Protein chains: 2
Amino acid sequence: MNAEQPQTRIQKKNRETILEAALEVFSSESFRGATLDQIALAAGLSKPNLLYYFPSKEAIYTELLSTLLDTWLDPLRALDGSGDPIDEIIGYALRKLEMSRDFPRESRLFANEIVQGAPRILDQIEGPLRTLVDQKADLMRHWIAEGKIAEIDPHHLIFSIWATTQHYADFNVQVRGILRPDGDAHFDDAAAFLTALFRRALTPRPD
Amino acid sequence: MNAEQPQTRIQKKNRETILEAALEVFSSESFRGATLDQIALAAGLSKPNLLYYFPSKEAIYTELLSTLLDTWLDPLRALDGSGDPIDEIIGYALRKLEMSRDFPRESRLFANEIVQGAPRILDQIEGPLRTLVDQKADLMRHWIAEGKIAEIDPHHLIFSIWATTQHYADFNVQVRGILRPDGDAHFDDAAAFLTALFRRALTPRPD
DNA sequence: CGTGTTCCTGACCGTTTGGTCAATAATTAG
DNA sequence: CTAATTATTGACCAAACGGTCAGGAACACG
């Protein structure tokens, strides 16, 4: 939004270190639960030093959110009419599942924020996100009109993809508590399950 | 667990008032985020009065969790072999969806707890919940063997039901931000969507 | 009524928390 | 090397927090 200041080498490195530590702490403690001391410890810096690079705890948090929200939505933006509709949608779900496996902290960061009412990113949800989702829903309605996918509610389809994939990151401890998997092995089972689930949901039925 | 003390009329009323207020606050602020002052305000009692009825903030929270967890799992316990398998499973999903509509705070309370690593109910998850889920998964495997439902992974099916239904409670603000529904109208659409989704997933295919 | 018990609260306490600041150390530029 | 700039920190502060306690109010019961 603003013109970026000319960052020194040290500034760049330390700001990244702080944001990485903040992601670690905020994602598992939520905004109120996290403390600057925790973040400072995780970053290997002193607390006053954190506040030399960021004006406040809130500033660290909001910078994290806004930086990550964009990349978080990239897979949905990539959903377009370039391939077979059913493969496109299943591919989107699988990409989201991979993100739950590879970036669970980011998922949990947003989960915490939204469960608690999204006080700091409600604008983003009601604005850009809503527009993006509506746009993809329109695309799906075209596919339905062309008979390429079954008649299902596009919005709720998107919700169900978010829910089923993010579940493996956000409720990770529950999944692990029940399955007791070796490492990330269960993600392959989840991928197979979701592929089958959505393929069946999307395949048009003979009339 | 303990023999219950003989509760006076006032004790019963105030403990209920406190737990209701605590549910309101804890569910939207998580444990660390909630303060005794907030709960006292919501309950219409003074802070020392809260601590007259409960020994600590933690005690209020854990009592809430353990009290609610049992009823929370009732729908899953009710899943049995009494009816048509597909109707049973879809009925379970719809019951969970109704709970998301009617008791969103309870859902969010657990969501907050689990996203943050379930530090206070991990035993419950790895113990009784795991046992219950495994038991229902066995039931489903029997249905699969009998050819009554399609071949899908029972555990991941249960996860997907949890995820898709609780999504409407836990991520309520996101859903509302995108759909801008009138009241709870969108829950009927969600019910229709989920019914179709899981019916297609469960209906056995001709070989 | 009196008296024992339950209920309630204002004032207070120690700790944690986000944040400040003056002083010092490290780095960079000429 | 020197001087200016940037980076770092120990000591500190005010507010918020969970919790305590002595004493008084309300209530139950004979």
Side-chain angles (χ1 to χ4, degrees), chain A residues 2-65 109 112-113 116 119-120, chain B residues 2-65 109 112-113 116 119-120:
Chain A
N2 307 335
E4 58 255 33
Q5 309 281 38
Q7 284 200 0
T8 69
R9 180 182 50 88
I10 296 178
Q11 272 168 22
K12 199 181 173 192
K13 185 193 65 173
N14 280 351
R15 285 180 59 95
E16 276 171 18
T17 305
I18 292 168
L19 288 174
E20 157 65 26
L23 172 60
E24 183 70 25
V25 177
F26 280 133
S27 66
S28 75
E29 307 276 353
S30 87
F31 179 73
R32 283 276 332 249
T35 71
L36 286 176
D37 290 293
Q38 279 178 289
I39 299 173
L41 183 69
L45 298 172
S46 69
K47 184 169 66 168
N49 208 3
L50 290 196
L51 295 163
Y52 173 75
Y53 290 102
F54 293 90
S56 67
K57 176 186 175 183
E58 175 116 18
I60 303 177
Y61 185 70
T62 54
E63 168 130 355
L64 247 193
L65 279 183
L109 183 76
N112 267 308
E113 173 71 11
Q116 297 178 16
R120 293 154 223 271
Chain B
N2 308 336
E4 59 255 31
Q5 308 282 36
Q7 284 201 1
T8 69
R9 179 181 51 87
I10 297 179
Q11 270 169 22
K12 197 180 173 192
K13 186 193 65 176
N14 279 351
R15 284 180 61 94
E16 276 172 18
T17 305
I18 291 169
L19 288 174
E20 156 65 28
L23 173 60
E24 183 71 27
V25 177
F26 280 133
S27 66
S28 75
E29 307 275 355
S30 85
F31 179 73
R32 282 277 330 253
T35 71
L36 285 176
D37 289 292
Q38 279 178 290
I39 299 172
L41 183 70
L45 299 171
S46 68
K47 184 168 67 167
N49 207 4
L50 252 57
L51 295 163
Y52 173 75
Y53 289 101
F54 292 90
S56 68
K57 176 185 174 184
E58 175 113 18
I60 303 178
Y61 186 69
T62 54
E63 168 132 355
L64 249 192
L65 279 183
L109 183 77
N112 266 309
E113 173 70 10
Q116 295 178 17
R120 292 153 223 271

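All values derive from a computational prediction rather than experimental measurement. Naming: A, B, ... by sequence-line order, numbering from 1 per chain. Heavy atoms only: backbone and side chains are in, while hydrogens, waters and symmetry mates are out.
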For residues A/Q116 and A/F31, determine if any side-chain heavy atom of one lies less than 4.5 Å from a side-chain heavy atom of the other.
no
Rounding to 0.5 Å, atoms CG (B/L109) and CD (B/E29) come to a distance of 12.5 Å
Between B/K47 and B/Q38, is there a donor-acceptor pair closer than 3.5 Å when you use the side chain of the first and the backbone of the second? no
Value for CZ (B/R15) from OH (B/Y52), rounded to nearest 0.5 Å, stands at 11.5 Å
Polar pairs (N or O, both sides) under 3.5 Å between protein and nucleotides 15-21 of chain C?
residue	atom	partner	partner atom	Å
C/dG18	OP1	A/A34	O	3.2
C/dG18	OP1	A/K57	NZ	2.8
C/dG18	OP2	A/L36	N	2.9
C/dG18	N7	A/K47	NZ	3.0
C/dG19	OP2	A/K57	N	2.7
C/dG19	O6	A/K47	NZ	3.4

Taken to the nearest whole Å, CG/A/L50 to P/D/dT9 is 10 Å
Sequence neighbours excluded, the answer for side chain to side chain contact (heavy atoms under 4.5 Å, CB included) partners of A/R32 is B/T35
Between CG of A/N49 and C1' of C/dA25 the distance, given in whole Å, is 12 Å
With a 4.0 Å limit, can you tell me whether A/Y52 has a side-chain N or O closer than that to the phosphate oxygens OP1/OP2 of D/dA7?
yes
A/I18 atom CD1 is separated from D/dT8 atom C1', nearest whole Å, by 12 Å
B/F54 atom CZ is separated from D/dG19 atom P, nearest whole Å, by 13 Å
To the nearest angstrom, the CD-P distance between B/Q11 and C/dT5 comes to 15 Å
Could you write out each protein N or O paired with an N or O of nucleotides 25-30 of chain D at a distance under 3.5 Å?
residue	atom	partner	partner atom	Å
D/dA28	OP1	B/R9	NH2	3.0

I want to check one thing: is the phosphate of C/dT6, taken as OP1 and OP2, less than 4.0 Å away from some side-chain N or O of B/N14? no
